[in-house]
Amino acid sequence: MNAIEQIHELREQLAQLRQERTKEGRLPTVGFVPTMGYLHEGHASLMRAAKEQCDIVVLSIFVNPIQFGPNEDLDKYPRDAERDLALAERLGVDLVFLPTVDTMYPSPTKTKVNVKEVTTLLCGARRPGHFDGVTTVVSKLFNIVQPDYAFFGMKDAQQVAVIQQMVEDLNFPVTIVPCPIIREEDGLALSSRNVYLSEQQRQEALVLSQSLFQVDTWMQSGEVTTVSELRARIVQHIETSPQADIDYVEILSFPQLTELDASTSLHAHRGQAIIALAVRFGTTRLIDNRIL
Ligand code: PAF
């Protein structure tokens, strides 16, 4: 499968596909899966969902420099375009957009898309400018591809909330489709960054998913009843891993991402709260979450 590097080529090929797949005057729907490559089963699930729901599927692979901070892993971010293209082809993706940094940012970008409030906590508070980089590149990609549906993984739940807000505020004619977190058999949420983990760190990283899965047991047994008790219990579980360095453990409303009164009963927030975790193992920062 050939990757398309130029914006005009992507537009031409997409226009042609739209024409070819128009049936009895009905325009085909376009599903878009934006990624930074090094694709895994989590991305595959997004492509499958897009394939199921849409007539044309476009995948983008672009390691977006403006969403990385100065001390983050831009240079060592894992890449394997050949393997990614083979997977996209196997899954029946129609077009793969693989632009260079010069194609996306021919001159230093003077326009940034900034979503307020939902970006100021969780990863937004720890990674200044990160979400401006995400919303700027996603806006550009939406303008280039003009999809009807765009598919995002819930592992980056804050990203989903931020993009949803941006789409509403800026009237992008696209429906955001959040897709479930995909996990290894032992529970570790799939991430391109998992390859950085040593064997020992990989084993210890299971404290993240374990603590999220244990929530039901702790609640049913009455061991935790309030937001603050649950938070403390999760922290305690994560700290059983010697290498875990907690960045945050937060329980917030979802999708608004506002603080919850720490003393309120967890039952009052069922289905409307998110437990969000970010934990470092060595230099690798992992995130995970679940809706309460
Ligand atoms: O989730 C990602 O991989 C990236 O943040 C995205 C949405 C492709 C923007 O660069």
Side-chain angles (χ1 to χ4, degrees), residues 42 115-128 130-131 134 152-165 168 176 178-191 193-194 201-281 284-292:
V115 177
K116 295 196 195 314
E117 294 177 20
V118 271
T119 54
T120 57
L121 60 191
L122 302 179
C123 291
R126 275 89 184 167
R127 304 181 66 189
H130 167 70
F131 281 116
V134 171
F152 291 88
M154 273 298 282
K155 189 170 86 64
D156 291 303
Q158 186 175 18
Q159 174 168 277
V160 172
V162 169
I163 288 170
Q164 188 73 61
Q165 186 68 52
E168 270 169 48
I176 302 302
C179 299
I181 298 176
I182 305 296
R183 297 179 181 279
E184 303 273 12
E185 246 171 59
D186 59 9
L188 186 73
L190 294 191
S191 162
R193 290 187 168 101
N194 289 351
Q201 289 169 339
R202 164 74 183 69
Q203 194 53 35
E204 290 191 27
L206 294 180
V207 289
L208 270 77
S209 53
Q210 283 164 359
S211 59
L212 295 172
F213 298 151
Q214 292 267 22
V215 169
D216 300 308
T217 318
W218 294 330
M219 282 174 70
Q220 274 156 24
S221 68
E223 189 178 342
V224 299
T225 56
T226 64
V227 171
S228 62
E229 282 168 5
L230 177 59
R231 189 185 171 282
R233 189 66 187 85
I234 291 173
V235 168
Q236 192 190 10
H237 185 77
I238 294 175
E239 285 178 344
T240 59
S241 147
Q243 295 203 49
D245 174 12
I246 295 179
D247 197 357
Y248 62 72
V249 171
E250 303 263 17
I251 303 168
L252 301 170
S253 71
F254 191 81
Q256 304 81 0
L257 299 184
T258 51
E259 302 273 347
L260 299 175
D261 180 345
S263 63
T264 49
S265 157
L266 290 163
H267 291 285
H269 302 294
R270 265 192 189 279
Q272 291 156 17
I274 186 165
I275 308 164
L277 317 176
V279 178
R280 271 176 223 285
F281 293 86
T284 309
R285 184 176 176 278
L286 300 182
I287 55 171
D288 203 344
N289 72 77
R290 75 170 270 194
I291 303 296
L292 189 66

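Just so we're clear, the structure is a prediction, and the values are computed from it rather than from any experiment.
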J.: How long is the straight-line distance from CH2 of W218 back to CD of Q236, given to the nearest 0.5 Å?
T.: 8.0 Å
J.: Counting only N and O atoms by type, is there a donor-acceptor contact under 3.5 Å from the side chain of S211 to the main-chain atoms of L208?
T.: yes
J.: Let me confirm one number: the CG-CZ distance from L286 to F281, rounded to the nearest 0.5 Å.
T.: 6.0 Å
J.: Around atom CD of E184, are there more than 12 heavy atoms from other residues, nucleotides or ligands closer than 6.0 Å?
T.: yes
J.: By salt bridge (charged side-chain N to carboxylate O under 4.0 Å, His left out), which residues pair with R231, not counting sequence neighbours?
T.: none
J.: Rounded to the nearest 0.5 Å, how far does CD1 of I287 lie from CG of D247?
T.: 10.5 Å
J.: Please examine the side chains of H267 and M219, heavy atoms only from C-beta on, and report whether any two atoms are closer than 4.5 Å.
T.: yes
J.: Taking C-beta and beyond as the side chain, do R285 and V279 meet within less than 4.5 Å on heavy atoms?
T.: no
J.: Evaluate the side-chain proximity of L260 to I251: yes if any heavy-atom separation is below 4.5 Å, no if none is.
T.: yes
J.: Does the S253 side chain pair with the main chain of T258, one donor and one acceptor, at a distance under 3.5 Å?
T.: yes
J.: Taking the side chain from D288 and the backbone from K155, do they hold a donor-acceptor pair closer than 3.5 Å?
T.: no
J.: Hey, could you give me the CD1/CG distance between I181 and L190, rounded to the nearest 0.5 Å?
T.: 10.0 Å
J.: Give a yes or no on whether the backbone of C123 and the side-chain of Q158 come within a donor-acceptor separation of less than 3.5 Å.
T.: yes
J.: Are the side chain of Q164 and the backbone N or O of V160 linked by a donor-acceptor pair below 3.5 Å?
T.: no
J.: Any side-chain heavy-atom pair from K116 and T120 closer than 4.5 angstrom?
T.: no
J.: To the nearest 0.5 Å, what is the distance between CE (M154) and CD1 (I182)?
T.: 12.5 Å
J.: Show me, pair by pair, the donor-acceptor contacts under 3.5 angstrom made by side chains of residues 269-276, not counting sequence neighbours?
T.:
from : atom 1 : to   : atom 2 : distance (Å)
H269 : NE2    : T264 : OG1    : 2.8

J.: Less than 4.5 Å apart, side chain to side chain, heavy atoms only: is that true for L292 and L266?
T.: yes
J.: Supply the atom-to-atom distance L212 CG to H237 NE2, rounded to the nearest 0.5 angstrom.
T.: 9.5 Å
J.: Can you tell me if CD on E168 sees more than 12 non-hydrogen neighbours from other groups inside 6.0 Å?
T.: yes
J.: Just so I know, are the side chains of V249 and I238 near enough to count as touching, which here means a heavy-atom distance under 4.5 Å?
T.: yes
J.: Sub-3.5 Å donor-acceptor pair from the side chain of N194 to the main-chain atoms of A189, do we have one?
T.: yes
J.: Between R202 and D186, is the closest basic N to carboxylate O distance under 4.0 Å?
T.: yes
